[in-house]
Protein chains: 2
Amino acid sequence: MAKTIPSTTMIQEHLKSLGLTKYESLVYIALLQVDGATATEIHEISGVPRASVYPVLDKLSKKQLVNVTTTSPKRFAATPPDEAIDSLIARITQDSTAVKHELTTIYEERTSMNHAERQEMIWNIHGSENIGSRAVDLIRSAESSVAILSVTTVLSLPIQKIISSLGPGINVEIATAGTSARDDIPPNAQELKIGMVPHPENILGEKQPPCIIIVDRQRVMAFVSDDAEIPSALYSESPGFVNLFTGYWGFVKGHVSLP
Amino acid sequence: MAKTIPSTTMIQEHLKSLGLTKYESLVYIALLQVDGATATEIHEISGVPRASVYPVLDKLSKKQLVNVTTTSPKRFAATPPDEAIDSLIARITQDSTAVKHELTTIYEERTSMNHAERQEMIWNIHGSENIGSRAVDLIRSAESSVAILSVTTVLSLPIQKIISSLGPGINVEIATAGTSARDDIPPNAQELKIGMVPHPENILGEKQPPCIIIVDRQRVMAFVSDDAEIPSALYSESPGFVNLFTGYWGFVKGHVSLP
DNA sequence: CCCCTGTTGTTGTAGTTGTAACAACATTTA
DNA sequence: TAAATGTTGTTACAACTACAACAACAGGGG
């Protein structure tokens with residue numbers, strides 16, 4: 001019965017991540033369409049079994065998503081979506097800041113002591129989303145220098161943004177193919193146009209044009225694009241691993257075509 | 001085994017509202033304490049069955065809460081709590097703004113047509129949290145006047161704040177007992193000190209000192225403190241209901257003790 | 001009386017939780 | 001070298017919980 005202009009199932013998915021169950025979503029959506037209804041009316045509109053409507057309305061009422069009358073039979077109305085969702089998010093962010101403090105307590109307690117094991121490891125990151133956010137975090141942590149080898153890969157918008165926001169004391173270099181005009185190089189970065197690409201696929205054994213980020217000559221992130229369908233990247237603070245890429249970077253700089 | 005400085009179960013509750021299961025919470029908390037561990041080590045620290053550790057780590061990895069090495073055996077490390085939780089919230093708020101648009105589409109579609117039924121209803125609101133947030137919303141919606149009868153009840157901080165932020169064209173009056181100094185009256189509100197309280201408990205049949213909010217002489221919210229342990233309030237746009245309270249308000253103003 | 005409201009209890013189902021077993025590999029021991 | 005031992009990663013499956021769906025029933029008003 002329910003009209004599905006913006007796909008009801010899609011909305012349910014999103015509301016689930018805000019802590020609502022399928023029925024809670026259906027009932028709330030139904031109430032948005034009718035401006036006050038009794039339990040049976042809600043049942044008819046939403047398709048939710050009538051008996052299940054009552055406990056669901058209870059929970060929605062506690063979450064401040066619906067209002068109730070004292071009349072008999074009771075009538076229910078949805079609170080406006082803006083207000084309702086803000087209320088949900090408020091509770092979530094409230095919990096999140098609380099738990100953030102609790103977790104950082106545990107975390108800080110350890111990081112104050114250990115500081116040696118981790119840096120010899122090579123970590124890998126799956127999924128383009130994760131790779132993107134980790135890259136941004138990595139660049140943000142820069143204290144002296146950022147070197148990016150981005151021959152043909154175009155820098156994503158968040159990365160351009162975080163580079164632009166770096167302090168003037170940080171030296172940013174970006175190596176590109178230099179054959180075509182690029183508009184993804186932030187103004188505070190120095191573009192190194194490499195006339196001839198030194199066939200990085202032979203070095204890494206990869207087909208895809210690689211992208212490497214070296215920060216402070218101490219931390220490296222390299223995209224390896226895992227052959228499989230899911231993209232993948234490596235990250236390490238291991239001196240040996242870092243040296244490999246700083247060396248490669250020096251080699252690349254030797255091929256800069258001066259203007 | 002796990003150290004519980006800020007109560008592990010409490011953290012689990014909070015992480016659950018961010019979309020993590022019990023196991024996911026336990027594994028993540030365990031990883032925060034050790035700076036890189038193998039699956040079996042994680043099993044030992046967290047208490048989660050070893051076989052269950054692997055799928056859980058998969059999910060955590062997809063949510064960008066842990067990093068993985070390519071070594072054998074695989075090693076896992078937690079991403080710092082700050083970063084991790086921000087990442088979780090980012091996804092939630094992203095979903096929320098999306099769903100907000102979808103829902104307001106449905107909502108606006110109706111509110112443009114119907115505009116009559118709802119205002120005869122008397123709604124009630126349960127729980128002090130809900131009452132507070134609804135009161136703030138109500139006051140924010142004021143276009144010409146706000147009248148608050150708050151004889152002994154002290155205005156909450158959010159309410160003071162929203163009153164202060166009202167435009168100068170809106171007339172704000174607050175009736176108080178006037179016997180003791182009150183520091184909860186915002187500067188843009190006019191305080192009406194009522195020398196003698198006209199025994200509102202007789203009118204409403206309540207023991208508790210009542211608090212009434214009248215906005216634009218069209219919308220009323222009244223606290224009725226439901227006898228039961230859970231506080232309760234009424235809200236209505238019904239003319240009859242509103243008249244009752246505007247009349248009462250006029251009666252109260254007759255008792256203002258002029259300075 | 002019948003119809004509707006609101007409540008209770010039962011059953012089915014999906015996802016989480018927990019146990020057990022297995023192949024692959026490395027290390028140790030005889 | 002061959003057997004014994006231990007670890008890793010995977011799979012299968014039982015137990016449990018929360019949600020979903022339905023049937024039944026007491027009260028209430030026409």
Side-chain angles (χ1 to χ4, degrees), chain A residues 1-2 8-9 11-13 15-31 34 36-63 65-77 121 124 126 228, chain B residues 1-2 8-9 11-31 34 36-63 65-77 121 124 126:
Chain A
M1 302 298 176
T8 309
T9 53
I11 301 181
Q12 279 177 39
E13 280 304 311
L15 283 178
K16 197 184 294 177
S17 76
L18 291 175
L20 298 199
T21 67
K22 185 180 166 187
Y23 277 7
E24 290 170 346
S25 305
L26 286 173
V27 167
Y28 180 68
I29 293 172
L31 277 174
V34 291
T38 65
T40 26
E41 287 168 349
I42 293 171
H43 149 64
E44 287 162 358
I45 300 169
S46 65
V48 172
R50 195 179 60 86
S52 304
V53 164
Y54 294 96
V56 166
L57 282 169
D58 265 2
K59 284 195 285 183
L60 287 177
S61 171
K62 284 197 187 101
K63 292 176 184 170
L65 295 186
V66 302
N67 295 320
V68 196
T69 66
T70 47
T71 62
S72 177
K74 292 177 184 170
R75 294 190 75 81
F76 303 86
M121 309 263 69
N124 71 11
H126 300 288
Chain B
M1 304 296 179
T8 308
T9 54
I11 300 180
Q12 279 178 39
E13 281 303 311
H14 288 162
L15 284 178
K16 198 184 295 178
S17 76
L18 290 176
L20 297 200
T21 68
K22 185 179 165 189
Y23 277 6
E24 291 170 346
S25 305
L26 286 174
V27 167
Y28 181 68
I29 294 172
L31 275 175
V34 290
T38 67
T40 34
E41 287 168 348
I42 293 170
H43 150 64
E44 287 162 357
I45 299 169
S46 64
V48 172
R50 194 176 65 86
S52 303
V53 165
Y54 294 96
V56 166
L57 282 169
D58 264 2
K59 286 197 284 183
L60 288 177
S61 172
K62 286 198 186 99
K63 292 177 184 169
L65 295 186
V66 302
N67 295 320
V68 196
T69 66
T70 46
T71 62
S72 174
K74 292 178 186 170
R75 296 190 73 82
F76 303 86
M121 308 263 72
N124 69 10
H126 301 286

Exercise for review: Grab the NZ-C1' distance between B/Lys22 and C/dG15 for me, whole Å please.
Suggested key: 14 Å
Exercise for review: Taking the side chain as every heavy atom from C-beta outward, state whether A/Leu65 and A/Leu31 have any pair of such atoms under 4.5 Å apart.
Suggested key: no
Point to revise | Partners meeting salt bridge (Lys or Arg N to Asp or Glu O under 4.0 Å) with A/Lys16 (sequence neighbours left out) | key: A/Glu13
Practice item. Starting from C1' on D/dT7, measure out to CD1 on B/Ile42 and report it in whole angstrom. Key: 15 Å
**Study point:** Integer-rounded Å distance: C/dT19 C1' and B/His43 NE2
**Key:** 12 Å
Review point. Given atom CG of A/Leu20 and atom C1' of D/dA20, what is their separation to the nearest angstrom?
Key: 16 Å
Review point. How long is the line joining CG of B/Leu57 and C1' of D/dG9, in whole Å?
Key: 12 Å
With a 3.5 Å cut-off and sequence neighbours excluded, list the donor-acceptor pairs that the side chains of residues 36-43 of chain A form with protein atoms.
unit_1	atom_1	unit_2	atom_2	d
A/Thr38	OG1	A/Thr40	OG1	3.3
A/Thr38	OG1	A/Glu41	N	3.4
A/Glu41	OE1	A/Thr38	N	2.9
A/His43	ND1	A/Val48	O	2.7
A/His43	ND1	A/Arg50	N	3.4

Exercise for review: Using modelled atom types only, decide if a donor and an acceptor are shared between the side chain of A/Thr69 and the backbone of A/Arg75 within a distance under 3.5 Å.
Suggested key: yes
Exercise for review: Taking the side chain as every heavy atom from C-beta outward, state whether A/Pro49 and A/Tyr23 have any atom pair closer than 4.5 Å.
Suggested key: yes
Check your understanding: Hey, does A/Leu20 have a side-chain heavy atom less than 4.5 Å from the side chain of A/Lys63?
Key -> yes
Provide a list of protein-nucleic acid N or O atom pairs under 3.5 angstrom, restricted to nucleotides 3-9 of chain C.
unit_1	atom_1	unit_2	atom_2	d
C/dT5	OP1	A/Thr40	OG1	3.0
C/dT5	OP2	A/Thr40	OG1	2.6
C/dG6	OP1	A/Lys74	N	2.7
C/dG6	N7	A/Arg50	NH1	2.8
C/dG6	O6	A/Arg50	NH2	3.0

